[in-house]
Protein chains: 2
Amino acid sequence: MARPRKQDEKDIPGLAIASARCLLEKDGLSGVTMARIAAAVGCSAPALYGHFRNRDALLRAVHDAGFEQLVRDKVAVAAQTAGDPIGRLREGGRAYVAFALDNPALYHLMFNPPPLPEFAGNPFEHDAGMASLLLLRRAVEAAQAAGYLPAEDADRVAFILWSTVHGAVSLMLQNRAPHPAADRQALGWQVVDSAISLITSSRASGPSRDA
Amino acid sequence: MARPRKQDEKDIPGLAIASARCLLEKDGLSGVTMARIAAAVGCSAPALYGHFRNRDALLRAVHDAGFEQLVRDKVAVAAQTAGDPIGRLREGGRAYVAFALDNPALYHLMFNPPPLPEFAGNPFEHDAGMASLLLLRRAVEAAQAAGYLPAEDADRVAFILWSTVHGAVSLMLQNRAPHPAADRQALGWQVVDSAISLITSSRASGPSRDA
DNA sequence: CAGGTTAAATTAATGACGTTCGGTTTCTGG
DNA sequence: CCAGAAACCGAACGTCATTAATTTAACCTG
């Protein structure tokens with residue numbers, strides 16, 4: 001019972017991430033213990049330390065895997081909305097809402113990641129979440145090419161759109177939306193539409209901000 | 001060394017909440033341990049259990065205290081903006097941004113509260129956060145009385161405004177805003193102004209949503 | 001004012017968890 | 001076939017939240 005035979009090799013990193021994600025949705029973050037992950041993988045807890053520096057690093061890997069799936073979802077939407085920048089923004093936003101509502105605990109982890117001292121110096125470079133912002137910025141730039149918000153900074157517009165939708169699903173996942181029992185997806189879609197109206201209403205008149 | 005003399009009585013609940021809040025901003029959530037809180041209060045760790053059911057309950061008290069301060073801040077703003085609904089929304093939003101940026105760890109706790117099984121059945125009734133939403137809704141209703149967004153549901157508009165600003169400060173506090181080194185307060189104010197433009201741009205034409 | 005009950009702490013103990021250590025088995029390169 | 005590296009396990013350690021047993025002060029009740 002030490003090193004396994006080659007035929008018995010297991011993909012411990014992959015299984016650990018998948019098991020942790022499963023435990024996360026089932027029992028919440030505090031239910032994700034090294035011992036339980038190991039039991040689900042079929043190894044001992046110390047074996048996980050051969051593949052992840054510590055528990056936070058494993059959770060960070062789950063976090064990254066979540067963003068990778070989110071990016072995949074958004075790329076799939078983008079492929080179906082070529083030539084329609086506003087439609088792409090709308091469908092991308094709806095995919096985002098669906099992802100958050102389908103994976104609430106994972107979404108929570110993605111936006112409340114464990115602090116990683118090794119990356120503290122430059123979180124921007126190592127954060128998988130920024131890839132998803134890049135996709136959004138490209139969609140905003142496409143909308144600008146179609147005549148919307150011509151004078152605005154695409155990064156800033158993308159940030160505001162992301163803020164609105166992220167804020168809404170965050171509040172919904174904590175039962176802080178009005179009428180908590182009501183249909184969450186419908187509310188999420190309304191928020192997406194309101195955010196997009198910030199852009200669509202701009203074609204006739206310039207933005208009305210004053211800062 | 002058991003029960004203290006009356007002259008030595010301490011306000012353990014109050015001191016514990018204040019100490020926990022101080023530790024929270026200094027060392028993060030994982031630095032807030034019962035032993036450290038007790039040391040700061042000047043008592044032993046088990047003594048805290050006479051005033052709080054467990055650590056989560058103590059953190060929930062910190063969470064509630066944070067919302068109480070936030071509401072105080074917003075009430076102070078409201079007192080200075082009587083008769084100017086749009087100005088009240090703008091200044092209220094700026095006060096919100098300032099609170100979040102001044103108390104980042106507390107803000108994080110307020111919007112990622114520990115799960116309380118005893119209140120799981122009806123979080124709406126027991127959540128101090130909802131009081132702050134009520135203030136916002138009143139401001140929206142005042143704006144509607146002044147002719148903005150006449151046909152919209154005030155709850156829904158308030159939720160969207162809150163979502164936008166909350167989402168933006170949440171992302172900023174995690175270094176997920178563009179240009180992370182730039183002035184955060186300025187970006188927060190821009191977001192507030194953009195959100196308010198959703199309302200101000202509505203007086204001429206109705207909302208352009210389609211859901 | 002004596003004596004018993006309650007209240008509010010204390011120290012000690014328990015149990016779960018993350019993590020490290022030492023040893024054992026298997027793989028790999030010569 | 002053999003040395004060394006790699007991968008894993010069981011046991012052990014330290015920290016932390018929480019509970020148990022105990023002590024002392026305050027509060028009645030006569």
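Chain identifiers are assigned alphabetically (A, B, ...) following the order of the sequence lines, protein sequences preceding nucleic acid strands; residue numbering begins at 1 within each chain.
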Specify the separation, in whole Å, of atom CZ of A:Arg55 and atom C1' of C:dA16.
12 Å

Without decimals, in angstroms, what is the distance between B:Asp56 CG and D:dA17 P?
10 Å

Counterpart residues, side chain to side chain contact (heavy atoms under 4.5 Å, CB included), relative to A:Ala95 (two or more places apart)
A:Val77

B:Asp155: which residues meet the side-chain hydrogen bond (donor to acceptor under 3.5 Å, both in side chains) condition with it, sequence neighbours left out?
B:Arg137

Side-chain donor-acceptor contacts of residues 34-44 of chain A below 3.5 Å, not counting sequence neighbours, with atom names and distances?
unit_1	atom_1	unit_2	atom_2	d
A:Arg36	NH1	A:Asp27	OD2	3.0

Could you pull out all donor-acceptor pairs under 3.5 Å where a side-chain atom in residues 97-111 of chain B meets a protein atom, sequence neighbours excluded?
unit_1	atom_1	unit_2	atom_2	d
B:Asn103	OD1	B:Arg21	NH2	3.3
B:Asn103	ND2	B:Phe99	O	3.0
B:Tyr107	OH	B:Tyr96	OH	2.7
B:Tyr107	OH	B:His166	ND1	2.6
B:His108	NE2	A:Asn112	OD1	2.8

Euclidean distance, atom CZ of residue B:Phe52 to atom C1' of D:dA17 [Å, nearest integer]:
15 Å

Return the polar atom pairs (N/O with N/O) between nucleotides 5-8 of chain C and the protein under 3.5 Å, or none.
unit_1	atom_1	unit_2	atom_2	d
C:dA7	O4'	B:Arg3	NH1	3.2
C:dA7	N3	B:Arg3	NH1	2.9

Nearest-nucleotide pick for B:Cys43, side chain only, options being C:dT10, D:dC9, C:dT19:
C:dT10

side-chain hydrogen bond (donor to acceptor under 3.5 Å, both in side chains) with B:Thr81: which residues, sequence neighbours excluded?
B:Arg88

I need the CG-P distance between B:Leu58 and D:dC16, as an integer number of Å.
16 Å

Would you mind checking if A:Glu141 and A:Arg138 are paired as a salt bridge, meaning a charged N to carboxylate O distance below 4.0 Å?
no

Kindly point out which of C:dT10, C:dT19, D:dC9 is positioned nearest to the side chain of A:Ala45?
C:dT19

Can you tell me how far the CD1 atom of B:Ile17 sits from the CG atom of B:Asp11, to the nearest 0.5 Å?
8.5 Å

Expressed as a whole number of angstroms, how long is the span from B:Leu48:CG to D:dT19:P?
13 Å

Counting only non-hydrogen atoms, which of residues 22-39 of chain B are less than 4.0 Å from DNA chain C?
none

Residues forming a side chain to side chain contact (heavy atoms under 4.5 Å, CB included) with A:Val75, sequence neighbours excluded
A:Val71, A:Leu135

Whole-Å distance between D:dA7 P and A:Asp11 CG?
13 Å

For D:dC8 and A:Ser44 - does any side-chain N or O of the residue sit under 4.0 Å from the phosphate oxygens OP1/OP2?
no

Can you sort out the partners of B:Pro85 under side chain to side chain contact (heavy atoms under 4.5 Å, CB included), two or more places apart, ordered by chain and number?
B:Ala142, B:Ala143, B:Ala146

Measure from OH on B:Tyr49 to P on D:dC16 and round the result to the nearest Å.
12 Å

